[in-house]
Amino acid sequence: MEKIANGVWRLCFGQPENHTPVRLRKTEIRTEQLGKLECPGTPPFASQEIVVRQTARGVHIELPLAAEEHIYGFGLQLHRLDHTGRKKMIRVNSDPVADTGDSHAPVPFYVSTAGYGVYVDTARYATFYCGTNLRKGASEHKKFAAKAVGTSEIELYGYQVSEGNRAVVVDVPSAEGIDVYLFEGPDIAAAVQRYNLFSGGGCLPPAWGLGMWYRAYSAAKKEDVMRLAHTFREDRMPVDVFGFEPGWQTKAYSCSFVWDEGRFPGHEEMLEELHEMNYRVNLWEHLFVHPTSPIYSVLKPYSGDYEVWEGLVPDLSLPEARKIFSEHHEKEFVDKGIAGFKLDECDSSDFVHSNWSFPDIAEFPSGMDGEQMHNMLGAFYQETIQAPFEKAGKRTLSQVRASGALASPYPFVLYSDLYNHKVFIRGVAGCGFSGLLWSPEVRQAESPEDLIRRIQTTVFSPMALLNCWRIPNPPWMQVDRDKNIRGEFLDNYEQIRDICRTLFEIRMALIPYLYTAYARYSMEGRPPFRALVMDYPDDPNTYGIDDAYMMGEAVLVAPLVAGAAERTVYLPHGTWRCFWTNKSYEGGQTYTFAPGLERIPVLVKEGTLLPLAKPMPFVADEAVFDVTLHAYGDNARECRLYEDDGRSFAYRNGEYNWVTVSVNPDGTIRTERTGAYEGRRYRFSGIATFLNI
Ligand code: GAL
């Protein structure tokens with residue numbers, strides 16, 4: 001076993017494949033940051049405890065799994081949080097409808113409540129059997145135990161291995177060797193941090209990326225877009241990012257990457273106007289290249305041998321293909337002020353709809369096959385699109401529908417066409433185990449109540465996004481799609497809009513707090529959104545909680561879904577305060593909350609001085625946040641905020657500050673800044689003990 005960095009170990013077996021996430025990575029291990037994390041200093045397992053074998057079908061690995069252990073991770077798993085006793089196939093899929101492991105972002109990495117992480121470096125559709133089976137003969141000692149003949153389905157099929165020598169068995173097809181990486185704890189959170197730092201650290205979004213996002217109707221024309229853009233400002237609806245859906249291009253499905261002057265005549269003036277109104281523009285696209293595209297012929301030699309939607313599939317593992325693709329984006333879009341992209345359809349292994357993607361046996365010029373390319377396409381695509389932003393010295397926060405291993409440095413947030421609200425909430429809880437960010441986006445809704453509940457989840461999530469690509473008018477005017485298209489509006493839409501505005505303003509108020517959580521993600525690898533088990537691994541009551549999560553260090557969010565006026569929330573040990581009312585609750589117990597339609601249960605740790613900014617309609621480049629410190633409990637004395645220019649990469653050269661704000665015994669505020677950033681992004685205007693929202 002070889003030590004790769006502080007707390008990170010590698011076990012090599014045979015001749016691993018050339019095309020794996022580690023071998024193809026472009027990001028650097030954050031060795032120095034890893035060195036700062038305290039760790040036990042011994043690998044979680046001795047090498048003889050891990051069995052690795054070569055078989056005719058590939059590599060077979062067995063790792064120990066103790067009876068009391070619970071395991072999490074495997075990427076964005078929307079249907080389950082705790083994978084103990086389950087089989088998971090790490091296969092990218094645009095329609096992950098069932099709990100099989102299929103995912104927009106499958107990651108061959110898991111963490112255990114025993115306090116370690118395991119990463120298997122493969123791009124294959126590997127299968128992890130998480131303590132599902134015992135070895136032959138293990139149950140012989142039970143042969144005399146009386147066991148009734150089962151008659152119900154639960155008795156017959158509900159069997160779970162709970163004792164004996166359980167193992168995590170991994171099946172990696174095709175490979176003739178494998179590298180297995182082990183991450184020390186001592187707990188889940190530390191193992192995840194190490195994995196993220198090994199991946200290159202978390203991303204740091206621009207401050208505007210944490211504001212509100214609105215994506216407009218797919219068929220919108222220039223005048224429709226401008227009408228919406230003006231209405232948001234007139235109605236004082238905070239919106240930072242304005243997204244264009246497929247209709248902006250001359251061809252989509254596959255893509256030309258060229259503005260359609262028919263729908264958007266003089267698009268450059270339109271962009272200028274949007275920029276003057278302080279919108280950041282984000283463009284939808286996917287990577288399949290239409291024959292009319294200016295990059296088609298140059299990309300053709302660097303593309304796979306099958307088309308998708310009558311377009312090329314560029315081999316973005318090749319520097320030549322990446323260069324052509326990213327230079328086009330640089331010249332045509334990033335240099336013209338485009339702030340980000342929505343990278344759609346790169347999770348292209350559809351099993352449910354029209355089976356539109358390239359086959360697993362497709363061949364790419366790099367030597368990768370279709371299976372490997374499917375699992376890695378999302379990461380390659382993010383790398384390619386990130387490049388022009390790096391070159392321009394501008395941060396982006398963008399969207400992507402596929403990701404995978406070692407992806408935490410990419411400033412891209414995942415989304416899905418699945419739309420079950422509970423599934424979306426689970427995504428927020430679970431994404432942090434695997435270095436991923438997830439957006440529980442809002443489209444149209446079943447009812448105004450559904451709309452409000454969904455918006456509440458999104459404003460307390462990694463990206464606050466309304467994806468209105470199917471409706472021409474804002475959803476608060478009409479939730480029903482057909483009526484929205486016909487322009488028939490709700491009688492009380494102004495009332496619904498006002499509730500939505502307040503929620504958008506809460507998001508804007510949270511930006512300094514969230515930005516600080518993201519800074520820790522970037523520097524220390526600590527995910528900004530986490531399942532409760534990550535923060536409370538010693539409390540088995542948290543092990544299965546997938547409908548509530550931690551946001552930053554001090555806030556627990558428990559969304560409500562339409563149809564439920566109340567819900568229960570388990571509060572881990574410690575004292576908690578209601579975000580809205582400051583009411584105190586002792587942890588270690590479950591409470592029922594019925595906060596009404598306009599609120600969801602949000603609990604703040606006692607002793608927190610929560611920084612909340614005066615909501616702005618958008619985050620301008622030079623924005624200074626007017627921060628009020630909300631004291632949750634009498635002993636709330638100190639708050640720490642991260643500060644930098646909010647948009648460039650100067651922070652990588654040390655141009656940032658840590659701002660410590662404390663309350664003096666006489667109630668006045670003291671501010672201390674350490675760091676080399678000379679600007680000021682926060683003004684502290686006072687202390688409050690109740691929320692004025
Ligand atoms: C879907 C995507 C949607 C929307 C649509 C446009 O695949 O998930 O959010 O962008 O494409 O055609």
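If you read the sequence from its start, that first residue is 1, and numbering goes on from there. Atoms within each ligand, like the ligands themselves, are counted from 1 in listed order.
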For atom 7 (O) of ligand 1, what's the nearest protein heavy atom and its distance? Arg401 NH1, 2.7 Å
Atoms of ligand 1 under 4.0 Å from any heavy atom of Trp284, numbered from 1 in the order shown, are 10 (O)
Starting from atom 4 (C) of ligand 1, locate the nearest protein heavy atom and write down its residue, its atom name and how far away it is, to 0.1 Å. Glu245 OE1, 3.1 Å
Do any heavy atoms of Arg443 fall under 4.0 Å from ligand 1? no
Among protein heavy atoms, which lies nearest atom 8 (O) of ligand 1, and at what distance? Asp417 OD1, 2.6 Å
Looking only at protein heavy atoms, which one is nearest to atom 11 (O) of ligand 1, and what is the separation? Asp344 OD2, 2.9 Å
Do Tyr253 and Pro246 have side chains that approach each other closer than 4.5 Å (heavy atoms only, starting at C-beta)? yes
Do we see a donor-acceptor contact under 3.5 Å between the side chains of Arg470 and Asn484? no
Taking the side chain as everything from C-beta on, heavy atoms only, tell me whether Gln77 gets closer than 4.5 Å to Tyr72. no
Scan side-chain atoms only and decide if His104 and Ser416 contain a donor-acceptor pair under the 3.5 Å cut-off. yes
Ser357 and Ser348 side chains, donor-acceptor separation under 3.5 Å: yes
Polar atom proximity, Glu441 to ligand 1 (N or O, under 3.5 Å): no
With respect to Cys500, which candidate in Asp498, Leu503, Ile496 satisfies the side-chain contact (heavy atoms from CB on, under 4.5 Å) definition? Ile496
Under 4.0 Å between heavy atoms, the region of Lys342 that gets near ligand 1 turns out to be side chain
Compute the shortest N/O to N/O distance between Ser218 and ligand 1 and return yes if it is under 3.5 Å, no if not. no
Got an N/O contact under 3.5 Å between Tyr415 and ligand 1? no
Is the centre of the Trp213 ring less than 6.0 Å from the centre of the Phe232 ring? no
Correct closest heavy-atom pair for Asp417 and Arg443 would be CA-NH2, 3.2 Å
At a 4.0 Å threshold, what atoms of ligand 1 neighbour a non-hydrogen atom of Pro246? 6 (C), 12 (O)
Could you find the nearest protein heavy atom to atom 12 (O) of ligand 1 and give me its residue, atom name and distance? Tyr253 OH, 3.0 Å
